[in-house]
2 protein chains.
Amino acid sequence: MVAPAEVSSLHDAVSTRLHHAGQRRTPTRDAVVDVLAAAGRPLTIPEILEAHTDLAQSSVYRNLVILEQAGVVHRIVTNAEFARFELAEDLTGDHHHHLICSSCGVVADAPASDGIERAVHRAIDEVERATGFRTTAHRIDLVGLCRNCA
Amino acid sequence: MVAPAEVSSLHDAVSTRLHHAGQRRTPTRDAVVDVLAAAGRPLTIPEILEAHTDLAQSSVYRNLVILEQAGVVHRIVTNAEFARFELAEDLTGDHHHHLICSSCGVVADAPASDGIERAVHRAIDEVERATGFRTTAHRIDLVGLCRNCA
DNA sequence: ATTCGTGCAAATAGTTTGCAGCAGA
DNA sequence: TCTGCTGCAAACTATTTGCACGAAT
């Protein structure tokens, strides 16, 4: 969730990243970013289309690919039928993990605690030393039942 | 990776779970379990078919669904084109996390350290108290470049 | 005898892409 | 003007499913 006052600076940052990726800022891309910023949780393509009924499905798919390449959005793939998309963490300045409901498929954000981040980074160092794997990102998902489904 | 001596007890455990789920133990299911046990890393359907060229693709898909419902295998969905499957952790007795190469898509297992597990469980407690979410499993993936792609 | 797993081929569905028109630089 | 974004419809592909046969109980 992004406060209204931060929306224009968000669009500036998005514009910069698009430009850096050799892409333009367009109304459709702004619209997609707006929907994701307003939602504050990862959305599916149908959810995005529902919020903006004037957009063509193919354009949303195409622009999400571009926004992903530009580092603006992040694609989350679960076992559910649709992939989900959210704004990149370094744009919203909020590192978080996911609570995935195995019953209804909804995905909620959960703030990352200092403790867990420290532990993860220690583990990453260990893995790099042991295996030579170069970690660029990590992902922590808790799978279970949301309050509604429990 | 499962040592040969453990294979028969593995099949016993699989058989029990299948029976509990109202399913039979069949040669095809044994074959799939064998391939996964021998691999020691999550495999795609094409990889499974390659190891057992006499199996029909649809049978493998169908049996993986059944084995998943019986709690024998676990499905891993990444952004790669194919889903991957591995034996359930409580069958192999080995809790691990994943190293996902964003370049070639290969997924390797990494042992879970005590430190990170403690931190994760503290975080889970926090989340349960704060949100009412009931966590049944967690997933930690490190995304980056494997030794070959780096 | 009947239930259930298997293999083949056809169907399904999320996602991608070709193409013609149009808008911004 | 020229590049490239958009919308529509068609194509693509991982996965699922209908059906008939054979195996196991």
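Proteins get letters first, then strands, A, B, ... in listed order; numbering begins at 1 in each. Worth knowing before you read on, the calculation uses all heavy atoms, side chains too, and leaves out hydrogens, waters and symmetry mates.
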Looking at every strand, decide which applies to [X] at a 4.0 Å heavy-atom threshold: base, sugar-phosphate, or nothing.
{"X": "A:Thr26", "answer": "sugar-phosphate"}
{"X": "A:Glu81", "answer": "sugar-phosphate"}
{"X": "B:Arg62", "answer": "base"}

Want to settle it: does B:Ala83 or B:Pro27 sit nearer the 5' end of DNA chain D, counting the closest nucleotide to each?
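In this pair, the answer is B:Ala83.
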Starting at the 5' end of DNA chain D, which residue's closest nucleotide do you reach first, B:Ile45 or B:Arg24?
B:Ile45
B:Glu47/B:Arg41 salt bridge by N-O under 4.0 Å criterion
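Yes, this pair counts.
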Separation of [N] [atom2] from [X] [atom1] (nearest whole Å):
{"X": "A:Phe85", "N": "C:dG14", "atom1": "CZ", "atom2": "P", "result": "13 Å"}
{"X": "A:Ile48", "N": "C:dG14", "atom1": "CD1", "atom2": "C1'", "result": "14 Å"}
{"X": "B:Arg25", "N": "C:dT6", "atom1": "CZ", "atom2": "P", "result": "13 Å"}
{"X": "A:Phe82", "N": "D:dT15", "atom1": "CZ", "atom2": "P", "result": "16 Å"}
{"X": "A:Tyr61", "N": "D:dT6", "atom1": "OH", "atom2": "P", "result": "16 Å"}
{"X": "A:Glu47", "N": "C:dG14", "atom1": "CD", "atom2": "P", "result": "14 Å"}
{"X": "A:Arg29", "N": "C:dG24", "atom1": "CZ", "atom2": "P", "result": "14 Å"}
{"X": "A:Ile66", "N": "C:dT15", "atom1": "CD1", "atom2": "C1'", "result": "15 Å"}

NE2-CD distance between A:His20 and A:Gln23, expressed to the nearest 0.5 angstrom:
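So the gap between those two atoms works out to 13.0 Å.
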Atom SG of A:Cys101 and atom CG of A:Leu145: how far apart are they, to the nearest 0.5 Å?
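Those atoms lie 5.5 Å apart.
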Taking the side chain of A:Ser58 as its heavy atoms from C-beta onward, which of D:dA14, C:dT6, C:dT17 lies nearest to it?
C:dT17
Quick one: is B:Ser59 getting a side-chain N or O under 4.0 Å of the C:dG7 phosphate, OP1 or OP2?
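Checking C:dG7 against B:Ser59, a side-chain N or O does come within under 4.0 Å of OP1 or OP2.
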Please state whether the phosphate of D:dC5, meaning OP1 or OP2, lies under 4.0 angstrom from any side-chain nitrogen or oxygen of A:Gln23.
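True: A:Gln23 side-chain N/O within range (under 4.0 Å) of D:dC5 OP1/OP2.
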So, A:Arg17 side chain and A:Gly71 main chain: donor-acceptor pair closer than 3.5 Å or not?
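The answer is yes, because a donor-acceptor pair under 3.5 Å joins these two groups.
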Verdict with reasoning, A:Thr131 to B:Leu99, per side-chain contact (heavy atoms from CB on, under 4.5 Å)
CA-CA 10 Å; A:Thr131 69; B:Leu99 307 180; 4.1 Å; yes
